[in-house]
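Have a look at the structure below before the remarks.
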Amino acid sequence: NRLQKEDSQKYSSLNRSDFMNPRRLIRAIEISTSKSKAPTHQEISKEISFHWVGIMPDKITLKTMINRRVLERINNGAIDEVKNLLKKYPNRKLTIYSSLGVSQIIDFLDKKITKETLRTTWTNAEVDYARRQIVWFKKQPGIVWYDKDIDKQSLSKDLSKIYQKY
């Protein structure tokens, strides 16, 4: 495996999902073979002092916020934007057509689903993506997590302690 030869540390950090995703593998190889290396987390941390705070909404609030954003995108012309993309770039195998929302809009334009189903499936896809992002962020060391609705008082106290130091 080329990545294993180029960057054994990156290779060993990949999970099954990374190995099954050609885009991630190609990007990892591109990064490992580039002449300039990105600074490591440790190198950045030595230069910059920061506090990483994660604020977690409850699942119902998260889905409501995502649903509202999906409706805004639909009402602000997302369907017309995808129509224009299809006219300009008719090859549906392009990566843009696998983007969140775009594949659902294409199903709607192809009359495979109703507008309501478009909203529902797009919202569900965004919620699934948000969950994956949350999982990724929860694996990051140093993030202090607060529940948006429960921990408002402790978040305020902790943040004011942090900022008093500066």
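For the single chain, residues carry numbers from 1 onward in sequence order.
Residues Lys93 and Ser98 form no side-chain contact, since every pair of their non-hydrogen atoms from C-beta on lies 4.5 Å or further apart. Counting heavy atoms from C-beta on, the side chains of Ile134 and Leu62 come closer than 4.5 Å. Two residues are said to be in side-chain contact when any heavy atoms from C-beta on lie closer than 4.5 Å; Lys10 and Ile31 fail this criterion. No side-chain heavy atom of Met20 sits less than 4.5 Å from a side-chain heavy atom of Leu25. Contact of the Met56 side chain with the Tyr146 side chain is not registered, since no non-hydrogen atoms from C-beta on lie closer than 4.5 Å. Between Ile106 and Lys112 there is no side-chain heavy-atom pair separated by less than 4.5 Å.
In terms of modelled atom types and a separation under 3.5 Å, the side chain of Gln104 and the main chain of Leu100 share no donor-acceptor contact. Judged by distance alone, the side chain of Thr120 and the main-chain N or O of Glu116 form a donor-acceptor pair under 3.5 Å. No donor-acceptor distance shorter than 3.5 angstrom exists from the side chain of Thr61 to the backbone of Pro57, with no hydrogens or angles considered. Listed for the Thr114 side chain is a donor-acceptor partner under 3.5 Å among the backbone atoms of Thr117.
Across Ala130 and Ile66, no two heavy atoms sit closer than the pair CB-CD1, 3.9 Å. The minimum heavy-atom distance linking Val53 with Ile143 is given by the pair C-CG2, 4.2 Å. In terms of heavy atoms, Tyr97 sits closest to Ser103 at O-CB, 3.6 Å.
Listed by chain and number, the residues in a salt bridge (charged side-chain N to carboxylate O under 4.0 Å, His left out) with Asp58 amount to none (sequence neighbours excluded). Among residues two or more places apart in sequence or in another chain, the salt bridge (charged side-chain N to carboxylate O under 4.0 Å, His left out) test is passed with Arg2 by none. Residues satisfying the salt bridge (charged side-chain N to carboxylate O under 4.0 Å, His left out) test with Arg132, not counting sequence neighbours, are none. Residues that satisfy the side-chain contact (heavy atoms from CB on, under 4.5 Å) test with Ser17, not counting sequence neighbours, are Asn15, Arg24.
Between the CG atom of Asp7 and the OG atom of Ser13 there is a distance of 7.5 Å, given to the nearest 0.5 Å.
Between Arg92 and Asp110 a salt bridge is recorded (basic side-chain N to carboxylate O distance below 4.0 Å).
Note on Val135 and Trp145: separate hydrophobic clusters, where clusters join Ile, Leu, Val, Met, Phe, Trp and Tyr whose side-chain heavy atoms are under 4.5 Å apart, directly or indirectly. Follow the hydrophobic side-chain contacts under 4.5 Å out from Tyr129 and you never reach Val82; the two are in separate clusters. Residues Ile60 and Val70 are members of separate hydrophobic clusters, defined by side-chain heavy-atom contacts under 4.5 angstrom among Ile, Leu, Val, Met, Phe, Trp and Tyr. Under the 4.5 Å side-chain heavy-atom criterion for ILVMFWY residues, a single connected hydrophobic cluster contains both Ile96 and Phe108.
Residue pairs meeting the ring pair (Phe, Tyr, Trp, His ring centres under 6.0 Å) criterion with at least one partner in residues 3-22, sequence neighbours excluded, are Tyr11-Phe19. Applying the side chain to side chain donor-acceptor pair (under 3.5 Å) definition to pairs two or more places apart or across chains, those involving residues 62-81 are Lys63-Asn124, Asn67-Arg119, Asn67-Thr123, Arg73-Glu126.
More than 12 heavy-atom neighbours from other residues, nucleotides or ligands sit within 6.0 angstrom of CD on Glu30.
Leu118 pairs in a side-chain contact (heavy atoms from CB on, under 4.5 Å) with only one of the listed residues (Ile74, Leu109, Asp107), which is Ile74.
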